[in-house]
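Comments concern the structure below.
FYI, side chains are in, hydrogens and waters are out, and symmetry mates aren't considered; it's all heavy atoms of this structure. Predicted, not measured: the structure shown is a model, and the values here were computed from it.
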Amino acid sequence: MGLIAGIIAIPLVLVLGASFGSQLLDQGFKLMQVLTFLGTPAVALLIAVLIAFYVLGIRRGSTVQELCALTAESLRPVGMLLLVVGAGAFFGKVIAATGIGTALADTMSAAGLPVIVLAYLISCGLRIAQGSATVAIVTTGGIVAPLVVDHGYSQMAIALIAMAIAAGSIILSHVNDGGFWIIAKYFNLTVKQTLQTWTVLETVLSVVSFAVAAVLFAFVS
């Protein structure tokens with residue numbers, strides 16, 4: 001258990017090292033360059049995978065051919081997930097590049113909606129449409145940012161708006177969300193069962209989180 005936890009912790013430690021290093025060290029410092037390279041998500045994950053190959057495979061008698069076969073077999077089930085997630089990210093980029101999101105924000109803002117409600121609804125729409133919470137957060141943040149600047153909100157109010165965006169980004173997880181399929185596969189659930197459990201759970205978390213943020217926003221804005 002400790003060995004598995006250690007392998008899982010390796011990329012987390014590397015990424016955190018790069019994040020903290022960027023705040024505490026000078027960018028021209030040699031150690032900062034090393035931390036940045038090792039903390040790149042792709043590099044950090046690759047290091048963890050190579051260590052896992054050696055510690056859990058080669059050191060225990062597995063051959064390179066066996067590891068190759070295991071890797072190929074494990075990649076098949078996630079192929080469709082990668083396609084769906086990639087398509088979702090692409091869709092998010094299209095929304096941002098074409099200005100559809102900005103036009104939607106202007107229309108909803110003209111209707112008199114508070115910025116925190118606007119941010120939540122846009123994040124929900126992006127999440128439901130393309131599945132990726134990350135894309136929903138980043139795209140909504142870019143759309144809402146000019147409105148936040150114009151209103152001159154306090155730091156606490158801005159934090160609550162960010163909370164609303166994050167809350168919207170997890171609502172209604174369904175078949176275009178990679179996390180949906182991870183839950184379904186790991187718990188051996190059907191699509192219907194995952195919709196009845198995981199999707200409902202995510203939606204409840206989203207609504208409750210937004211409700212808390214909205215109530216606090218009414219006092220600090």
Side-chain angles (χ1 to χ4, degrees), residues 15 19 22-23 41 81 83-184 189 191-221:
V15 172
S19 299
S22 64
Q23 300 297 321
L81 302 185
L83 178 61
V84 171
V85 174
F90 176 77
F91 180 67
K93 289 292 185 181
V94 170
I95 291 175
T98 56
I100 295 175
T102 303
L104 176 62
D106 292 340
T107 301
M108 297 176 73
S109 180
L113 290 175
V115 173
I116 191 167
V117 177
L118 177 67
Y120 179 70
L121 292 178
I122 293 175
S123 183
C124 287
L126 290 172
R127 159 67 165 185
I128 295 170
Q130 49 79 38
S132 171
T134 303
V135 172
I137 290 173
V138 173
T139 306
T140 305
I143 294 171
V144 175
L147 300 176
V148 174
V149 172
D150 292 341
H151 285 78
Y153 288 116
S154 65
Q155 291 298 313
M156 179 63 73
I158 293 174
L160 291 172
I161 292 172
M163 180 177 170
I165 294 174
S169 73
I170 63 172
I171 197 171
L172 206 64
S173 172
H174 61 98
V175 294
N176 64 355
D177 176 22
F180 177 91
W181 294 106
I182 291 174
I183 295 298
L189 301 173
V191 172
K192 181 179 180 180
Q193 290 171 331
T194 311
L195 288 171
Q196 292 174 334
T197 54
W198 174 252
T199 302
V200 173
L201 170 64
E202 289 281 271
T203 303
V204 170
L205 287 173
S206 172
V207 173
V208 171
S209 298
F210 170 69
V212 173
V215 170
L216 294 176
F217 185 82
F219 290 99
V220 302
S221 62

Would you call H174 and I128 a side-chain contact if the rule is heavy atoms closer than 4.5 Å? yes
Using side-chain contact (heavy atoms from CB on, under 4.5 Å), reason through V149 and Y153 one step at a time and then give a plain yes or no. CA-CA 7 Å; V149 172; Y153 288 116; over 6 Å; no
Hydrogens and angles aside, do Y120 and S206 bring a side-chain donor and acceptor to less than 3.5 Å of each other? yes
Donor-acceptor pair, T203 side chain versus L172 backbone, under 3.5 Å? yes
Mind jotting down which residue pairs meet the salt bridge (charged side-chain N to carboxylate O under 4.0 Å, His left out) criterion with at least one end in residues 120-135? Sequence neighbours excluded, please. R127-D177, R127-E202
Donor-acceptor pair, side chain of W181 and main chain of V175, under 3.5 angstrom: yes
In chain order, what residues pass the side-chain hydrogen bond (donor to acceptor under 3.5 Å, both in side chains) check against S123, with sequence neighbours excluded? none
Rounded at 0.5 Å granularity, tell me how far CD1 in I170 sits from OG in S209. 5.5 Å
Of all heavy-atom pairs between S154 and V220, which one has the smallest distance, and what is that distance? OG-O, 3.9 Å
Separation between OG1 of T140 and CD1 of I161, rounded to the nearest 0.5 Å: 12.5 Å
Are side-chain heavy atoms of F210 and L160 found at a separation under 4.5 Å? no
Can you give me the closest heavy-atom contact between V117 and L113, atom names plus distance? CG1-CD2, 4.4 Å
Residues forming a ring pair (Phe, Tyr, Trp, His ring centres under 6.0 Å) with F180, sequence neighbours excluded: none
Closest heavy-atom pair, I116 versus A164, reported as atoms and distance to 0.1 Å, is CG1-CB, 3.5 Å
Beyond-backbone contact of V212 with M163, side-chain heavy atoms, under 4.5 angstrom: yes
dist T199:OG1 -> I171:CD1 (nearest 0.5 Å) comes out at 11.0 Å
How far does OG1 of T139 sit from CD1 of I165, to the nearest 0.5 angstrom? 10.5 Å
Say you draw a straight line from OG of S173 to CG of L205; how long is it, rounded to the nearest 0.5 Å? 11.0 Å
